[in-house]
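Below: the structure, in structure tokens.
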Amino acid sequence: MTELKSDFLRVLTERGYIHQQTDAAGLDSQAAAGVVSAYIGFDATADSLHVGSLVQIMLLRRLQQTGHRPIVLMGGGTTKVGDPSGRDESRQLLTDEQINANIAGIREIFAHFLRFDDSPTGAIMVNNDDWLSGLMYIPFLRDIGRHFSINRMLTMDSVKLRLEREQPLSFLEFNYMILQGYDFVELNKRYGCTLQMGGSDQWGNILQGVELGRRVRGRDLFGLTSPLITTGSGAKMGKTASGAVWLSDRRLSAYDYWQFWRNTEDNDVGRFLRMFTDLPLAEIARLEQLPGAEINEAKKILATETTRLCRGDEAAREAAGTAAKAFAGAAADGLPTMTLDSGAQIPVLEAVVALGMAASKSEARRLIDQGGVKLNDQPVQSSTATISSADLDERGTARLAVGKKRHGLIKRG
RNA sequence: GGAGGGGUACCCAAGCGGCCAACGGGGGCAGACUGUAAAUCUGCUGGCUUAUGCCUUCGUAGGUUCGAAUCCUACCCCCUCCA
């Protein structure tokens, strides 16, 4: 299976998206012969997705780029029930309105990555609530449930791990794989969808869907998973100082998004460029070869390209410009900013908190004590220090920094 | 329904009447070294009008005690075995 006939699988292979797949040859010839409709499911638990979902989003983008139709499946139905995996009581159930609002927010994100229209390869977004909520229990059990073997389900990793670790596993959760398998069948019926993709943790669920499709629909369905993305040092990707790296600009500024990518580890640069940007492979090969500190140029390109995809051209350029200035020690628009009335003073502590550079005054105090806070490049000596107009330069601006990477501005009000 | 085990900070996990804002590890943050990288070393990792002070936190609500995460009672939730 050295020669791939389809652009789709060839691109996926070259760019490192494939972890496991069912019947690669079958999918390859189907993708080479015509338009394939494929889907990936997403939760509707928040109004934005974070970088953890970016691989999946990019998979759908590659699908469309190579002449096929992406289906974004929103788990509105399953979200409605609530994810039972959280062990604390805080699994608040979302209302229909919240779920719909979340779906709307997520749709905005996808609009950056996919082309939604009525053409044969136009992306569509569907909600599994459309068919799950109306299910009737007995008919469902008879038509679908009989195809699932408990023996088999108990051997699935997701279940087995839970049982071994003596962690709770509710019947509801146990049913997820059935509902998910059913989604695939329903999407095949409605949209001719023949491929489900997802993260490697979804492999078992995807297989169930593939098998179910064969049994109840007599169709050959395909499954494909992407590798779990970790950083070169093995950490799960997607956490920063301020929490999750959100894709939505309502949740995370373009500047912070850009910074997230700028701080990629050396060893990840090539891999991330291939997966998360549209740059040609030859160009990427060159960039990842850059020796020593020059790899930083590649990181900047990575940051700008990923930001461009997710936030648009202009936002990417601005973020890059802001970063260039901020790290050169100059005031830059686009950083968090607060104003200071002329003649007034403000404790450094309060400024650090107000600019979102520390979560509390206690934390700000600790940072100062450790020498981590700088005002105009000078370490702040005392946690009782204040900022006054005297600290503003001729343009009426003072620069405040926490660590090397977090910058903020104070301007004359 | 019965018996036993358990619910501790972001996660894991000690503590089992005062020395507990709570050991240790992970994660995170800061400092040093660097290249806004990794690795390594060091420090920090509840909050407060800045304090040998106060407030909140050890499933929930009460109680005992000068004093409780630690003892008692009730309740909720989880796990295991039995029915």
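Below, chain A is the first sequence line, B the second, and so on; all start at residue 1.
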Contacts of type side-chain hydrogen bond (donor to acceptor under 3.5 Å, both in side chains), residue [X], not counting sequence neighbours:
{"X": "A:Arg274", "result": "A:Glu288"}
{"X": "A:Arg262", "result": "A:Asn296"}
{"X": "A:Thr66", "result": "none"}
{"X": "A:Ser37", "result": "A:Arg69"}

What integer number of Å spans the [atom1] atoms of [N] and [M]?
{"N": "B:G47", "M": "B:A51", "atom1": "C1'", "result": "13 Å"}
{"N": "B:C77", "M": "B:A83", "atom1": "P", "result": "24 Å"}
{"N": "B:G7", "M": "B:C19", "atom1": "C1'", "result": "27 Å"}
{"N": "B:U56", "M": "B:G46", "atom1": "C1'", "result": "8 Å"}
{"N": "B:U73", "M": "B:G5", "atom1": "P", "result": "14 Å"}
{"N": "B:U64", "M": "B:A9", "atom1": "C1'", "result": "27 Å"}
{"N": "B:C78", "M": "B:U42", "atom1": "C1'", "result": "40 Å"}
{"N": "B:A68", "M": "B:G18", "atom1": "C1'", "result": "9 Å"}

Checklist entry - Are the side chain of A:Asn376 and the backbone of A:Ala398 linked by a donor-acceptor contact shorter than 3.5 Å? => result no
Next on the checklist: With rounding to the nearest 0.5 angstrom, report the CG to CZ distance, A:Asp377 to A:Arg399.
Outcome noted: 4.5 Å
So which protein nitrogen or oxygen atoms get under 3.5 Å of nucleotides 44-46 of chain B's nitrogens or oxygens?
{"from": "B:C44", "atom 1": "O4'", "to": "A:Gln370", "atom 2": "OE1", "distance (Å)": "3.2"}

Checklist entry - Is A:Arg311 close enough and on-axis enough to A:Tyr257, meaning under 6.0 Å and within 45°, for cation-pi? => result yes
Under 3.5 Å, which donor-acceptor pairs link side chains of residues 108-117 of chain A to any protein atom two or more places apart or in another chain?
{"from": "A:Glu108", "atom 1": "OE1", "to": "A:Arg250", "atom 2": "NH1", "distance (Å)": "3.0"}
{"from": "A:His112", "atom 1": "ND1", "to": "A:Glu108", "atom 2": "O", "distance (Å)": "3.4"}
{"from": "A:His112", "atom 1": "ND1", "to": "A:Cys310", "atom 2": "O", "distance (Å)": "3.3"}
{"from": "A:Arg115", "atom 1": "NE", "to": "A:Asp117", "atom 2": "OD2", "distance (Å)": "2.8"}
{"from": "A:Arg115", "atom 1": "NH2", "to": "A:Ser119", "atom 2": "OG", "distance (Å)": "3.2"}
{"from": "A:Arg115", "atom 1": "NH2", "to": "A:Thr121", "atom 2": "OG1", "distance (Å)": "2.8"}
{"from": "A:Asp117", "atom 1": "OD1", "to": "A:Ser119", "atom 2": "N", "distance (Å)": "2.9"}
{"from": "A:Asp117", "atom 1": "OD1", "to": "A:Ser119", "atom 2": "OG", "distance (Å)": "2.7"}

Checklist entry - Counting just side-chain N and O atoms, does A:Lys361 come under 4.0 Å of either OP1 or OP2 of B:G47? => result no
Checklist outcome for this item: Result for 5'-nearest mapping on RNA chain B, choosing between A:Ser383 and A:Asp266, is A:Asp266
Item to check | A:Lys405 or A:Glu350, whichever maps to the more 5' nucleotide of RNA chain B | outcome: A:Lys405
Nearest-Å distance, [atom1] ([X]) to [atom2] ([N])?
{"X": "A:Ile346", "N": "B:U50", "atom1": "CD1", "atom2": "P", "result": "16 Å"}
{"X": "A:Met357", "N": "B:A30", "atom1": "CE", "atom2": "C1'", "result": "13 Å"}
{"X": "A:Glu294", "N": "B:G35", "atom1": "CD", "atom2": "C1'", "result": "11 Å"}
{"X": "A:Ile368", "N": "B:U50", "atom1": "CD1", "atom2": "C1'", "result": "11 Å"}
{"X": "A:Leu367", "N": "B:U50", "atom1": "CG", "atom2": "C1'", "result": "15 Å"}
{"X": "A:Arg406", "N": "B:G28", "atom1": "CZ", "atom2": "P", "result": "13 Å"}
{"X": "A:Leu335", "N": "B:U36", "atom1": "CG", "atom2": "P", "result": "17 Å"}
{"X": "A:Arg365", "N": "B:A30", "atom1": "CZ", "atom2": "P", "result": "19 Å"}

Checklist entry - Closest heavy-atom contact between A:Met275 and A:Arg15? => result CG-O, 3.4 Å
Item to check | Sugar-phosphate only, base, or nothing, as touched by A:Leu349 at under 4.0 Å among non-hydrogen atoms | outcome: nothing
Checklist entry - Is A:Ala326 touching bases, backbone alone, or none of the nucleic acid, heavy atoms closer than 4.0 Å? => result nothing
For [N], which nucleotide in any strand shown is its Watson-Crick or wobble partner with both distances under 3.5 Å?
{"N": "B:G1", "result": "B:C82"}
{"N": "B:A38", "result": "none"}
{"N": "B:U60", "result": "B:A74"}

Item to check | Donor-acceptor pair present, A:Asp369 side chain and B:G43 base, under 3.5 Å | outcome: no
